[in-house]
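Report on one structure; see the data block that follows.
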Protein chains: 2
Amino acid sequence: MKLADVNTEERILEAAKKVFMKYGLYGARMQDIADTAGINKALLHYYFRNKEKLFDHVFDGALSKYFQQMEVFSDKSLPLIERINRYIDQMIDFLTEYPQMSIFIIKEISTNPELFHDKVHKIKNHKSTSLIAVLKESIELKEIPDIDPVIFLMNLHSLCAYPFVASPIFKVIIEKSKTTWSDPNNEKHKQSVKEFVAFKLSN
Amino acid sequence: MKLADVNTEERILEAAKKVFMKYGLYGARMQDIADTAGINKALLHYYFRNKEKLFDHVFDGALSKYFQQMEVFSDKSLPLIERINRYIDQMIDFLTEYPQMSIFIIKEISTNPELFHDKVHKIKNHKSTSLIAVLKESIELKEIPDIDPVIFLMNLHSLCAYPFVASPIFKVIIEKSKTTWSDPNNEKHKQSVKEFVAFKLSN
DNA sequence: TATTAGTTTAACCATTTGGTTAATGCAAAA
DNA sequence: TTTTGCATTAACCAAATGGTTAAACTAATA
């Protein structure tokens, strides 16, 4: 394969990301993707065969990157709270760079829940589950208070991700309340999540 | 207008809700909506003129209901923490009844951010802003600690809404961690959010 | 019973859609 | 230079799409 090929394929993928992220699988138009990539529409089929396969490619990549942010939970060289704080830093930085990523995943899961179930089992580096196991273990060892690991996990994810997901709603609320608010405020965001962690996990 | 008319219009709206919530404005098909409602497709145009107007009707309704959950923030007969706790109870109950509601709003905002900006200014019962004002006032009166009202608001909404938004992701994580988790767990959810509030707002 | 007004239907329309096909272009190898 | 294999293009296709139209239906009124 020549350099031009790599270029065309990548251009298609970048364009597809943009269009699928905005319109979803069913709302996106192949001609739009071709226009965005600056290529002839037939090339989409030449390189990716059909709309669904192109979407799969994009969605699988997004899922993979998303779950990668949770791998730090398995890093046994770090104490528990440090792993969680690393996750907070990492996830918030990741979502700052790709603000639409969470929304995209959530959107498509909402439309095709069964499909998601299949896909997520194909992700090999699936370390997202380990936080619950690690929390359970630490609870048994009395290193942390007896909390509900599932609730903690949900709260942690919620605090990290939802401000990005609901960003336009918050902007309007803030605007209407005549509050000045500089955007982005990652350090404040990270700090507030870490405070929550400290509150829940300190003896 | 006869009863049959009210019936047809309502049937269309219920069907449109289902289809728009799943596929969004651009992914939804008018024939699908008609099939779901059990009517002839031309009736969609007879009653709602075109796809966009039908969508507007559904989306405006959703937005309105969503923001209604925040009206309790303005209830001056209640102390601050009670208002917030009422909001927590209310919002979580609301999202339990309409689990797709947040996702729907977030999805459509993500696709059409400008449109949302216009629409949200038309909502009359717009009391969502008042929590920030109330928090500021209470901070000045030294009734609560000096917190960042915007961060607090974002965290509050995050903790309430995101578990519903990301429900399929959590289900997979929980399943993979071999944890038993009974669904729905509203009381635990509410309690954990209220604990957060108490943590942030107690002197 | 005939008329009227509103509701519903089936057929139709122009455009769009995802995908196919054959010809052409391009670069590398023989 | 010719051949080969891959990449790209423009035209095409059948079906789907949102929307329109006129006829038929229905119930209420005169």
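So you know, we letter chains A, B, ... as the sequences are listed, proteins then strands, and number each from 1. Just so we're clear, the structure is a prediction, and the values are computed from it rather than from any experiment. Scope of the values below: all heavy atoms of this structure, side chains included, with no hydrogens, waters or symmetry mates.
- Rounded to an integer number of Å, the gap from CD of A:Gln31 to C1' of D:dA11 is 13 Å.
- If you take CG of A:Leu44 and P of D:dA7, they are 15 Å apart, rounded to a whole angstrom.
- Straight-line distance from the NZ atom of B:Lys53 to the C1' atom of D:dG18: 14 Å, rounded to whole Å.
- In this structure, CZ of B:Phe48 is placed 12 Å from P of C:dT7, rounded to the nearest angstrom.
- Taking the side chain of B:Thr8 as heavy atoms from C-beta on, and the options D:dG19, C:dT8, C:dG19, the nearest nucleotide is C:dT8.
- Counting any heavy atom pair closer than 4.0 Å across all strands shown, B:Ala28 reaches sugar-phosphate atoms only and no base atom.
- Closest contact between the side chain of B:Lys51 and the listed nucleotides C:dG18, D:dA10, D:dG19 involves D:dG19.
- Straight-line distance from the CG atom of B:Asn7 to the P atom of D:dT26: 16 Å, rounded to whole Å.
- Closest contact between the side chain of B:Met30 and the listed nucleotides C:dT8, D:dG18, D:dT8 involves D:dG18.
- Closest to the side chain of B:Ala42, out of C:dT7, C:dT20, C:dT9, is C:dT9.
- Between the CD1 atom of B:Ile12 and the P atom of C:dT9 there is a distance of 10 Å, rounded to whole Å.
- Side-chain proximity of B:Asn50 to the nucleotides C:dT9, D:dG19, C:dG19 is greatest for D:dG19.
- Nucleotide C:dT21 holds its C1' atom 12 Å from the CG atom of A:Asn40, rounded to whole Å.
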- Pair A:Tyr162-B:Met154, side chain to side chain contact (heavy atoms under 4.5 Å, CB included): steps then yes or no: CA-CA 8 Å; A:Tyr162 196 72; B:Met154 286 202 287; over 6 Å; no

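- Listed candidates were C:dG18, C:dT9, D:dT9. Nearest to the side chain of B:Leu43 is C:dT9.
- One can place CG of B:Asp35 at 12 Å from P of C:dT9, the figure rounded to the nearest angstrom.
- A salt bridge links A:Arg86 with A:Glu82: the distance from a Lys NZ or Arg NE/NH1/NH2 to an Asp or Glu carboxylate oxygen falls below 4.0 Å.
- No more than 12 heavy atoms of other residues, nucleotides or ligands lie within 6.0 Å of NZ in B:Lys53, so this atom counts as exposed by the packing criterion.
- When the side-chain nitrogen and oxygen atoms of B:Arg29 are compared with OP1 and OP2 of D:dG18, one or more of them lie within a distance under 4.0 Å.
- A salt bridge does not link A:Arg29 to A:Asp35: none of the charged nitrogens lies less than 4.0 Å from a carboxylate oxygen.
- Here A:Lys17 pairs with A:Glu14 in a salt bridge; the nearest charged N to carboxylate O distance falls below 4.0 Å.
- OP1 and OP2 of C:dT20 both lie 4.0 Å or more from every side-chain N or O belonging to A:Tyr46.
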